[in-house]
Amino acid sequence: MCGIVGYVGRQSAVDILLEGLTNLEYRGYDSAGIAVNVEGLVELYKAEGKLQNLKDVVAQKRSHIEKSTIGIGHIRWATHGAPTTNNAHPHSCNCGKVAVVHNGIIENYKELREKLEKNGCTFRSQTDTETVAHLVASKYAQVKDLTEAVRLATKELEGAYALCVIHQDVKNTIVATRRNAPLLVGIGEGEYYLASDVPAIIQHTKKAMYINDNEIVTLTPDTMNYIDASKNVLQPKIEMLPWEPVALSKMGYKHFMLKEIHEQPDVVRNVLSGKLRAKDENIVLDEVTLDKETLKNLNRIQIVACGTSLHAAMIGKYIIEDFCGIAVDVEPSSEYIYRKTITDKNTLVIGVSQSGETADTITAVRQAKNNGSHILIVTNRPDSTMAREADSLIPVNAGIEVSVAATKSYMAQVISFYLLAIYMAEAKSGVGVDSLTSSDANWLNELKHELIVLPQKIEEVLAHKEDIQACAKKFSNSKDFIFIARGINFPTALEGALKLKEISYINATGYTAGELKHGPIAMLDESMPVLSVLMQGKVYEKILSNSEEAKARNARMIALTNSSDPKLNDLFEAIIRIPESNELISPILAIVPLQLLAYYIAEFLGKDVDQPRNLAKSVTVE
Ligand code: F6R
C-alpha cells in the first residue's frame with residue numbers, strides 16, 4: 001500500500017526513481033510523484049492516475065530533470081484525500097524547500113495541521129502527509145540541521161510512517177526514518193537507495209540494511225549516518241537480499257498473475273524442500289521453536305489473517321484439528337483486535353500474511369504477544385515487520401508476488417499449514433501428549449507422499465488450462481457467481497469467489513453448500529452460475545444433492561471435480577476435472593483451476609488483471 005523510492009549518488013536519479021516506482025506499482029496506483037533537486041532547486045512532479053501519467057509529465061522536461069542526482073518518489077494508494085495530483089506525494093512546505101514522501105497514516109494530523117495553520121502554514125492538500133512537510137520545515141528553521149529537524153518532527157507524530165525527506169538547503173542529502181512501516185536502504189558504490197520494498201531497488205543492489213522503528217538514516221553519496229531516536233550512533237547491519245531481479249519479469253506471460261499461477265509447482269517444491277525429505281521421515285521446521293513444555297500445555301490455537309491468507313488459515317484450522325486434536329479458531333485480524341480475546345501462555349497464536357506488513361494482523365499478533373502467547377508467523381517475507389514479532393517462523397518461500405491477486409503465496413501458505421499440522425502431530429507424539437498409533441503414522445506417511453507428488457499433479461491441471469479458458473469464455477458475461485463447497489473445501493469456494501470478484505468485479509460469493517437452502521437459493525435462476533467444488537470423499541454425495549437442488553432452480557451448473565463419474569454430465573453444463581487425490585489434499589489442487597477461471601474471465605472482460613481497481617498489494621493501514 002503506497003510505495004517509496006529514493007536515490008542519492010552520482011547517476012541521474014530520474015530513471016532510477018521511475019523504474020523503482022514501476023516495480024512498486026502493484027502496491028498502489030492512484031497517483032504518483034517525484035521530487036528532485038535540479039541545479040540547487042527542489043522541484044516536484046506529480047500526476048494522478050497510473051504511473052504512466054507521471055512518466056508522461058516527466059518526459060516533457062526530461063533533459064532538465066535528468067540533471068538531478070538525488071530524488072525521492074512515491075506511488076500512492078489514497079487514504080486521506082482523493083487520488084488527485086494535489087494529494088499525490090511528494091508534499092512540500094510554504095517555501096517549497098522541503099519535499100516529503102510518506103507511507104502510513106499520521107493519526108494526529110488534524111491537531112498538527114491546526115497548529116501549523118495557526119503558525120502561518122498554508123496547506124495545499126487534504127493529506128496527513130503534508131503536515132510532516134510543514135513540521136520538518138518549521139523544525140529546520142529552528143535547528144538548521146535536517147536530521148535533527150526530522151528527529152524532532154517525528155517526536156510529534158502519532159501513527160505509522162516511513163518517511164524520506166530532502167531539503168533544498170542541504171545538498172545531496174536524504175533523511176529517512178520509520179515507525180510501523182517498512183523502509184530499507186540499498187547500498188551501492190558512491191550511492192544509496194531507499195525503498196519501502198525490495199523490488200524498487202533489486203535491479204541496482206542486493207546489499208541492504210533494514211531500518212528499524214524510530215531509527216534515522218542520513219544519506220549522502222558517500223556517507224550513511226545512522227542513529228536512534230536518542231541520537232545514539234548505531235552500527236548498520238548490512239545483509240544480502242535474497243531476491244533475483246528476474247522475479248520482476250513476466251517471463252513471456254501476459255500478466256504477472258498468469259506467471260505466478262504457473263510457478264506453483266515449483267513453489268510447492270520450494271516449500272517442501274528441506275522440510276519434507278521423505279514420507280517416513282519427520283517434518284523439519286527449523287524456525288519453529290515450540291518447546292516440549294509449550295507443546296504439552298497447548299490448549300488452543302488462534303489464527304489471525306486477512307483476505308486470501310485468511311482462507312489459507314481456514315484450511316489450516318481444518319487440518320490441525322484433524323491431525324492434532326487441538327481446537328483452532330480462525331478470525332479476521334480486523335475483528336480479533338477489537339474484542340476481548342481469551343489468550344494466555346498456553347495459546348499458540350499464528351499470524352498468516354504474504355507481505356508480513358498487513359496492519360491489522362501485525363496489531364493482532366502484538367496484542368497476543370502481550371498476553372504471553374507463543375507467536376508463530378507464516379509469511380512470504382521473513383524480512384517483514386510481522387516476522388520480527390515471531391517466536392516461531394515458517395517462511396513460505398513463494399518468491400516475490402507482484403500480481404495484486406494472491407495466488408502462489410496462497411499455495412505456499414496452504415502447503416505450510418500441512419507441514420505444520422503434520423509436524424505438530426509428530427511433535428506431540430514425541431513429547432507423549434498423543435502417541436501416534438501405527439495406523440496414524442501410516443496415514444500421515446501417505447499424506448506426506450501425496451504432498452511429494454503434488455507438483456506433478458498441479459502441472460497436470462495447468463496443462464489443461466485451455467479447457468478452463470473455454471469455460472471462462474462461456475460464463476464471462478455473468479453478473480453474479482456462486483461457489484459452493486463443504487468441509488475442507490469451503491475455503492476453496494471462498495478463495496475462488498474472492499479471486500473472481502477482485503479481478504473481474506463480478507459479484508461472486510462462496511457458500512457452504514449446506515447453507516444454500518437457508519437463504520442464498522432465493523437468488524438462483526437461469527442467469528446464475530453455481531460452481532460446485534465436488535471432491536471425492538465424505539461430503540461428495542452431500543454436495544451432489546445440493547447441486548441437484550440448485551439445478552432444480554435453473555441455475556447454470558459448473559463442476560470442479562476429481563470424479564470421473566459420467567452421471568455428472570447430465571447435471572452440469574461445464575465440468576472442470578482435476579487429478580484424483582486424498583480428500584484432505586484436494587484443496588491444494590482445486591484452487592488452481594479457480595485461479596485460472598478468475599484470470600481468464602477477467603482477461604476476456606479486458607480488466608487490468610495485475611492491478612485491479614481500488615486494491616493494493618499490502619494493506620499497511622488498519
Ligand atoms: C487477495 C489478496 C488480499 C490479501 C490480504 C492480506 O488476492 O491478496 O486479500 O490476501 O490483503 O494480505 P497479506 O497476506 O499480505 O497479509
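All ligand and atom numbering here is 1-based and tracks the order in the structure. The shown structure was predicted, so the numbers you read here are calculated from the model rather than taken from an experiment. Just so you know, residue 1 is the first one in the sequence shown, and it goes up from there.
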Undergrad: Would you check if there is a donor-acceptor pair between the side chains of Tyr410 and Glu495 at a distance under 3.5 Å?
TA: no
Undergrad: Assess, by modelled atom type and distance only, whether the side chains of Asn397 and Arg269 contain a donor and an acceptor separated by less than 3.5 Å.
TA: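 Arg269 and Asn397 do not have a side-chain donor-acceptor pair below 3.5 Å.
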Undergrad: If you count the atoms of ligand 1 from 1 in the order shown, which ones are under 4.0 Å from a heavy atom of Lys499?
TA: 1 (C), 7 (O)
Undergrad: Are Arg178 and Tyr161 in a cation-pi contact, defined as NZ or CZ under 6.0 Å from the six-membered ring centre and within 45° of the axis?
TA: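 Here Arg178 fails the 6.0 Å and 45° test against Tyr161.
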Undergrad: Report yes if Val404 has an N/O atom closer than 3.5 Å to an N/O atom of ligand 1; otherwise report no.
TA: yes
Undergrad: How about Ser403 and His255: does a side-chain donor come under 3.5 Å of a side-chain acceptor?
TA: no
Undergrad: For a quick check under 3.5 Å, do His204 and Glu19 share a side-chain donor-acceptor pair by atom type?
TA: yes
Undergrad: Quick one: are the ring centres of His262 and Tyr253 less than 6.0 Å apart?
TA: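 Yes - the distance between ring centres of His262 and Tyr253 falls below the 6.0 Å cut-off.
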Undergrad: For ligand 1, which atoms sit closer than 4.0 Å to a heavy atom of Ser353?
TA: 13 (P), 14 (O), 15 (O), 16 (O)
Undergrad: Counting from 1, what ligand 1 atoms have a heavy atom of Gln354 closer than 4.0 Å?
TA: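 Counting from 1, the qualifying ligand atoms are 13 (P), 14 (O), 15 (O), 16 (O).
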Undergrad: Counting non-hydrogen protein atoms only, what is the nearest one to atom 6 (C) of ligand 1? Give residue, atom name and distance.
TA: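 Here the closest protein heavy atom is Cys306 O, 3.3 Å.
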Undergrad: Within ligand 1, which atoms have a heavy atom of Ser309 less than 4.0 Å away?
TA: 10 (O), 13 (P), 14 (O)
Undergrad: Any nitrogen or oxygen of Leu498, main chain or side chain, under 3.5 Å from a nitrogen or oxygen of ligand 1?
TA: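 For ligand 1, there is no N or O atom that lies under 3.5 Å from one belonging to Leu498.
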Undergrad: Among all protein heavy atoms, pick out the one at the shortest distance from atom 10 (O) of ligand 1; state its residue, atom name and that distance to 0.1 Å.
TA: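 Checking every protein heavy atom, the shortest distance to atom 10 (O) of ligand 1 gives Thr308 N, 3.0 Å.
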Undergrad: Which residue and non-hydrogen atom of the protein lie closest to atom 11 (O) of ligand 1, and at what distance in Å?
TA: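 For atom 11 (O) of ligand 1, the nearest protein heavy atom is Val619 CG2, 4.0 Å.
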Undergrad: Go through the structure and list residues passing ring-ring contact (aromatic ring centres under 6.0 Å, His included) with Tyr423, not counting sequence neighbours.
TA: none
Undergrad: Kindly identify the option in Ile503, Thr358, Val352 whose heavy atom sits closest to atom 13 (P) of ligand 1.
TA: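 The nearest heavy atom belongs to Thr358.
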Undergrad: Check whether any N or O atom of Thr361, backbone or side chain, sits under 3.5 Å from an N or O atom of ligand 1, and answer yes or no.
TA: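 No; every N/O pair is 3.5 Å or more apart.
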Undergrad: How long is the straight-line distance from CD1 of Ile301 back to CG of Leu376, given to the nearest 0.5 Å?
TA: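 Taking CG in Leu376 and CD1 in Ile301, the distance rounds to 9.0 Å.
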Undergrad: So if I count the atoms of ligand 1 from 1 in the order they appear, which ones are less than 4.0 Å from some heavy atom of Gly307?
TA: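 Here the atoms of ligand 1 in question are 9 (O), 10 (O).
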Undergrad: Taking only heavy atoms of Ala406, which atoms of ligand 1 are found under 4.0 Å from at least one of them?
TA: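 Listed by number with element: 7 (O), 8 (O).
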Undergrad: What part of Glu502, side chain from CB on, backbone N/CA/C/O, both or neither, has a heavy atom under 4.0 Å from ligand 1?
TA: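 Answer for Glu502: side chain.
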Undergrad: Looking only at protein heavy atoms, which one is nearest to atom 15 (O) of ligand 1, and how far off is it?
TA: Ser355 OG, 2.7 Å
Undergrad: Filter on side-chain hydrogen bond (donor to acceptor under 3.5 Å, both in side chains), then keep only pairs touching residues 469-481, sequence neighbours left out; what's left?
TA: Asp480-Asn507
Undergrad: By number and element, which atoms of ligand 1 are closer than 4.0 Å to a non-hydrogen atom of Ala405?
TA: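 So the atoms of ligand 1 that pass are 7 (O).
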Undergrad: Ignoring hydrogens and geometry beyond distance, is a side-chain donor-acceptor pair present between Glu459 and Gln264 at under 3.5 Å?
TA: no
